[in-house]
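Nothing here was measured: the structure is a model prediction, and the numbers come from that model.
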Amino acid sequence: MARHLITSALPYINGIKHLGNMVGSMLPADVYSRYLRQRGHDVLYICATDEHGTPAELAAKEQGLPVDEFCAQAHDAQKAVYDGFELAFDYFGRSSSAENRDITQHFARRLNENGFIEERAIRQVYSPADGRFLPDRYVEGTCPHCGYDKARGDQCENCTRVLDPTDLIDPRSAISGSTDLEVRETKHLFLLQSKLQHEVEEWVSRHEADWPQLASSIARKWLNEGLHDRAITRDLDWGVPVPADTWPELAAEGKVFYVWFDAPIEYIGATKEWADQDPENRDWKSWWYDVDTAVRYTEFMAKDNVPFHTVMFPATELGVREPWKKVDYVKAFNWLTYYGGKFSTSQKRGVFTDQALEILPADYWRYFLIANAPESDDSSFTWEHFTATVNKDLADTLGNFVNRVLSFSKKRFGEEVPAGAAAGEAEAKLGEEIAGLLAEYETQMEALQFRKAAAALRALWSAGNSYLEEKAPWLEIKTDPEGAALTLRTAMNLIHLYSVVSEPFIPASSKAMRTAFSLQDDTAAWVTRDEAKSLDSVPAGTPFTVPPVLFAKLTDEDLETYKERFGGAPE
């Protein structure tokens, strides 16, 4: 089986993330990782908190904590939420790690040796009120391209254009709010992306046809506009320090690397963090170094992160002139909106992941978000849509099927799977249908088409309900008890099949379904086509229990409570 390296965009350290962040990177990466593991592939899913740059310093300042202490606490808080969502990272690291520091500095030295880094004097924004140079995110103002009045000095989050602080209209300090800003001269390191333009173009050309249009179009837009040399150091107290053995003057001034230079390198750094926990059995370089076709590398991210991963990071990897693994497939997502407006960490707009888990278990959110993933366009979260999806798909289609089959069988036949008659024409027809739907589900999962995969999974659940309605064991038992027993035995086998194939989407509920049956050797990782046709993995006589209700129906009162707490449609 293939080896799959999977990374999702690193969540910023400054606060718990919202649902849009979850569905745009970490959750689909988890769903895909789980699926691949079930199919027998060797998978390494890596993520980490992105701890450098101005968001960390500003958030620490706001809480009155040293930045290192703030980051340690915030990392643990974020990891607790991701554990609550059952994100099965192989490792969730920190970009402030010693491993990332060492690898980032190595990359910088190699780029410098190869002529792709240059020290330049530049004019930079200085705030007399704050007594310091202001790095890009310490400057806020109006975007000159779209007019958004909360643009940051590195990028406009509204139109995604990359900016320099001096581009902003009516700039102000993000620290003090002062508009009394000056421009002074200082020195920084620049990555000479212009010298790597053709190499990046050739590399993108070899891959973009396989990527989603969203990813390839953003990469091509950047390349068509021409790659510009980019400052990769900042005046901050917190970050990967410029190595003194190569740039002693800048190191003495306390320069650190730009967060977008070291953050993608943390994918490698976090893999080394993972390996360093068990060095005798884990080889981090076997995933990253000189493994071109031996490893398939898939990245998951929202569209605002695409330029950095399809252009800037590949340029960095190309420039070091070493055989580091580059991404094979970029799964890019549009934005999930909240009633048509943007989720925003800074503006605290929308539902945040810790709040979501306070309201309902993770599987409700996992299913809804993936079933409505913003793949082809932005999609809107509304409480009305969420409630309707939970009730129709989870409570009625899946949960009700499981509950009524097991409860009715226990009531009429006891606590073991009944034997009943031999499978007949209806069961053969059902087996063929299930096998076909399972093949469609597999096809969409392998293509990373998550909404289509969710639709195929939903169709699998619906097929069980259709079979049950057709056979009607509650009527059948009056005239043909053996036939009713067959119907229930077949339905129980469907429940077991659902428990296996639904696991990437709803792991906790899948576990509850699977452990309802006391099978001694239940080690199946997946369901084959023949197994789907025969539906006999849970034989007669198998003890079972009725699990608690998998999914509670949400009421109109619930809906009103959610809207009152979080707000409904914007005014």
Side-chain angles (χ1 to χ4, degrees), residues 7-31 45-89 91-96 137 150 152 157 174 238 259 263 266 270 300-302 304-305 333 335-339 341-370 373-374 381 383 386 508 561-567:
T7 63
S8 52
L10 310 186
Y12 279 129
I13 196 67
N14 62 329
I16 299 299
K17 303 301 133 187
H18 52 67
L19 294 181
N21 184 283
M22 175 66 71
V23 73
S25 56
M26 290 174 285
L27 180 56
D30 176 72
V31 170
Y45 176 22
I46 294 292
C47 192
T49 39
D50 181 2
E51 300 188 8
H52 294 142
T54 54
E57 289 197 1
L58 290 172
K61 181 176 181 293
E62 184 178 326
Q63 293 194 18
L65 292 173
V67 67
D68 58 343
E69 184 178 335
F70 165 79
C71 287
Q73 293 180 10
H75 170 86
D76 291 346
Q78 287 199 24
K79 181 60 165 58
V81 172
Y82 304 145
D83 288 345
F85 269 86
E86 297 205 38
L87 300 184
F89 304 114
Y91 191 76
F92 186 72
R94 302 181 60 185
S95 68
S96 60
R137 286 200 178 194
K150 294 182 178 62
R152 302 185 305 251
E157 67 172 8
W238 176 247
V259 63
E266 166 59 6
F300 290 79
M301 71 200 67
D304 54 335
N305 287 329
F333 290 87
W335 282 319
L336 178 71
T337 66
Y338 185 76
Y339 285 91
K342 283 191 66 178
F343 279 83
S344 173
T345 301
S346 59
Q347 298 177 39
K348 301 189 184 306
R349 174 179 172 78
V351 186
F352 288 74
T353 49
D354 57 342
Q355 298 168 329
L357 294 177
E358 290 173 10
I359 297 169
L360 291 165
D363 281 0
Y364 291 71
W365 302 103
R366 288 178 63 101
Y367 177 78
F368 174 83
L369 290 172
I370 293 296
F381 176 92
W383 287 109
F386 175 74
T561 299
Y562 302 149
K563 290 174 67 175
E564 182 177 352
R565 176 176 175 182
F566 296 99

Review point. Should we say atom CD of Glu358 is surrounded by more than 12 heavy atoms from elsewhere, each under 6.0 Å from it?
Key: yes
Check your understanding: How long is the span from the CZ atom in Phe566 to the OG1 atom in Thr561, to the nearest 0.5 Å?
Key -> 11.0 Å
Check your understanding: For the residue pair Glu51 and Ser96, what are the closest heavy atoms and their distance?
Key -> OE1-OG, 2.7 Å
Check your understanding: Under a 4.5 Å cut-off applied to non-hydrogen side-chain atoms, are Phe386 and Leu19 in contact?
Key -> no
**Study point:** Trp365 side chain to Ala356 backbone, donor-acceptor under 3.5 Å
**Key:** yes
Exercise for review: Hey, could you give me the CG/OH distance between Asp354 and Tyr82, rounded to the nearest 0.5 Å?
Suggested key: 10.0 Å
Review point. In Å and rounded to the nearest 0.5 Å, what is the CE to CZ distance from Met26 to Phe300?
Key: 13.0 Å
**Study point:** Check: Val351 and His18 side chains under 4.5 Å, non-hydrogen atoms
**Key:** no
Exercise for review: With rounding to the nearest 0.5 Å, note down the distance linking CG in Leu10 to NE2 in His52.
Suggested key: 11.5 Å
**Study point:** Heavy-atom closest pair, residues Ile13 and Ala56
**Key:** CG2-CB, 3.6 Å
Review point. Going by heavy atoms in the side chains, are Arg565 and Ile359 under 4.5 Å from each other?
Key: yes
Review point. Which class fits the ring pair Tyr45 and Phe89: parallel under 30°, tilted 30 to 60°, perpendicular over 60°?
Key: tilted
**Study point:** Centroid-centroid under 6.0 Å between Tyr339 and Trp383 rings
**Key:** no
Review point. With distance as the sole test, does Glu266 use its side chain to make a donor-acceptor pair with the main-chain N or O of Asp50 at under 3.5 Å?
Key: no
Point to revise | Closest non-hydrogen atom pair between Ala362 and Gly84, with its separation | key: CB-O, 3.2 Å
Review point. Between CG of Leu357 and CD1 of Ile16, what distance do you get to the nearest 0.5 Å?
Key: 10.0 Å
Practice item. Identify the heavy atoms of Met22 and Pro28 that sit nearest to each other, and give their distance. Key: O-CD, 3.6 Å
Practice item. Could you pull out the closest heavy-atom pair between Phe333 and Gly24, with the gap in Å? Key: CD1-O, 3.5 Å
Exercise for review: Say whether, by atom type as modelled, one donor and one acceptor occur between the side chain of Lys17 and the main chain of Tyr12 under 3.5 angstrom.
Suggested key: yes
Just distance, no hydrogens or angles: give the donor-acceptor pairs under 3.5 Å from side chains in residues 59-75, sequence neighbours left out.
unit_1	atom_1	unit_2	atom_2	d
Glu69	OE2	Gln73	NE2	3.4
His75	ND1	Thr49	OG1	2.9

Point to revise | Pro11 side chain near Ser25 side chain, heavy-atom distance below 4.5 Å | key: no
Point to revise | Spacing of Leu87 atom CG and Phe92 atom CZ [to the nearest 0.5 Å] | key: 9.0 Å
Revision key, fill the gap. Heavy-atom nearest pair, Phe85 first then Arg366, reads O-NH1, 2.8 Å
Review point. Which class fits the ring pair Phe381 and Phe368: parallel under 30°, tilted 30 to 60°, perpendicular over 60°?
Key: perpendicular
